[in-house]
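Nothing here was measured: the structure is a model prediction, and the numbers come from that model.
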Amino acid sequence: MGFRKWYERELLQSHAHLVLVLLCTVGLLGSAEAYSLRLAVSSQLLILACAIASALIGFWALRRYLYLLNHAEFVADQAVCRACDTYAKWEILNPNDAGQPAPDRLRVRCKRCGHVWFIEL
């Protein structure tokens, strides 16, 4: 898969988590509106459980959204060739050509000018 497709997929996945945060906010607000002291205790506990579940899922989704977005931007900042300023026009080189780099690094070469550099993942 090419870098641009990966980047697009990362952004779509992160924004899907943002939509989940918004839906959890609606669920939390709906739980607050539905809660009443006049309801039976079992109904109050059910609404409270729904509110807690919405809050926890929303918190997780927000953290995941921020992580995915920051990770995609971190990698995208490194996708520019420093020699010719070409964005995302590179090929991944065999890691055995330059020893064994860390598994979280990619050795890439610019398709335009041939400059070689590493991208941290």
Side-chain angles (χ1 to χ4, degrees):
M1 172 176 23
F3 172 75
R4 291 176 189 230
K5 290 286 186 184
W6 172 86
Y7 184 69
E8 178 183 342
R9 194 176 77 198
E10 286 288 302
L11 291 180
L12 286 174
Q13 188 177 7
S14 70
H15 284 85
H17 283 87
L18 181 61
V19 170
L20 182 58
V21 168
L22 295 174
L23 290 174
C24 287
T25 303
V26 170
L28 193 58
L29 292 173
S31 296
E33 185 176 341
Y35 185 80
S36 173
L37 292 175
R38 296 182 188 149
L39 293 174
V41 174
S42 62
S43 295
Q44 289 180 3
L45 290 175
L46 180 62
I47 291 172
L48 185 62
C50 290
I52 290 171
S54 292
L56 290 176
I57 293 170
F59 179 71
W60 171 82
L62 180 63
R63 287 182 48 120
R64 189 73 182 148
Y65 164 71
L66 292 174
Y67 170 76
L68 290 171
L69 190 65
N70 286 331
H71 181 255
E73 290 301 315
F74 175 72
V75 175
D77 286 342
Q78 302 174 61
V80 178
C81 176
R82 303 295 180 227
C84 65
D85 286 333
T86 302
Y87 177 71
K89 296 282 187 187
W90 40 262
E91 59 187 354
I92 299 174
L93 299 177
N94 186 358
N96 293 329
D97 293 344
Q100 291 291 342
D104 56 347
R105 294 176 73 188
L106 292 177
R107 186 169 177 249
V108 297
R109 178 177 51 221
C110 179
K111 288 182 179 179
R112 179 177 282 174
C113 69
H115 177 70
V116 177
W117 74 97
F118 286 99
I119 294 180
E120 303 286 332
L121 299 179

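Atoms OG and CG, from S14 and L68 in turn, are 6.0 Å apart once rounded to the nearest 0.5 Å. Here the CG atom belonging to L66 is positioned 4.5 Å from the CG atom belonging to L62, to the nearest 0.5 angstrom.
Remark: E91 CD is packed, more than 12 non-hydrogen atoms of other residues, nucleotides or ligands lying under 6.0 Å away. Shown here is Y35, whose OH atom has more than 12 heavy atoms of other residues, nucleotides or ligands within 6.0 Å.
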In sequence, state the C-alpha distance, the side-chain angles, and the governing distance for E10 and K5, and then conclude on side chain to side chain contact (heavy atoms under 4.5 Å, CB included). CA-CA 9 Å; E10 286 288 302; K5 290 286 186 184; over 6 Å; no
Worked verdict on L106 versus L121 for side chain to side chain contact (heavy atoms under 4.5 Å, CB included): CA-CA 8 Å; L106 292 177; L121 299 179; 4.0 Å; yes
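Annotation: side-chain contact (heavy atoms from CB on, under 4.5 Å) contacts of L23 (sequence neighbours excluded): V19.
For Q44 (side chain) and S36 (main-chain N/O), a donor-acceptor pair under 3.5 Å exists by modelled atom type. Remark: the backbone N or O of L39 is not paired with any side-chain donor or acceptor of S43 at under 3.5 angstrom. In this structure, H15 contributes its side chain and L11 its backbone to a donor-acceptor pair below 3.5 Å.
Side-chain atoms of Y7 and E73 include a donor-acceptor pair closer than 3.5 Å.
Contacts classified as ring-ring contact (aromatic ring centres under 6.0 Å, His included) and involving residues 40-62 (residues at least two apart or in different chains) are given here: H17-W60. Sequence neighbours left out, the pairs with a member in residues 112-121 that pass side chain to side chain donor-acceptor pair (under 3.5 Å) are T86-R112, R105-E120.
Side-chain contact between R107 and F118: present, with at least one pair of heavy atoms (C-beta onward) separated by less than 4.5 Å. Counting only heavy atoms from C-beta outward, the side chains of V75 and F3 approach each other to under 4.5 Å. Side-chain contact between F74 and N70: absent, with no pair of heavy atoms (C-beta onward) separated by less than 4.5 Å. V116 has its side chain out of reach of V108: every pair of non-hydrogen atoms, C-beta onward, lies at least 4.5 Å apart.
Here the closest non-hydrogen pair linking C84 and C113 is SG-SG, 3.7 Å. When all heavy atoms of A79 and I119 are compared, the pair lying nearest together is CA-CD1, 4.3 Å.
Both L37 and I47 are assigned to one and the same hydrophobic cluster, defined by single-linkage of ILVMFWY side chains at heavy-atom distances under 4.5 Å. In this structure, L28 is not a member of the same hydrophobic cluster as I52, with clusters built from ILVMFWY side-chain heavy atoms closer than 4.5 Å. Both Y65 and W6 sit in one connected hydrophobic cluster of ILVMFWY residues. Membership requires side-chain heavy atoms under 4.5 Å apart, directly or through other members. Both I92 and Y87 are assigned to one and the same hydrophobic cluster, defined by single-linkage of ILVMFWY side chains at heavy-atom distances under 4.5 Å. Residues L18 and L20 do not share a hydrophobic cluster, defined by chaining ILVMFWY side chains whose heavy atoms lie under 4.5 Å apart.
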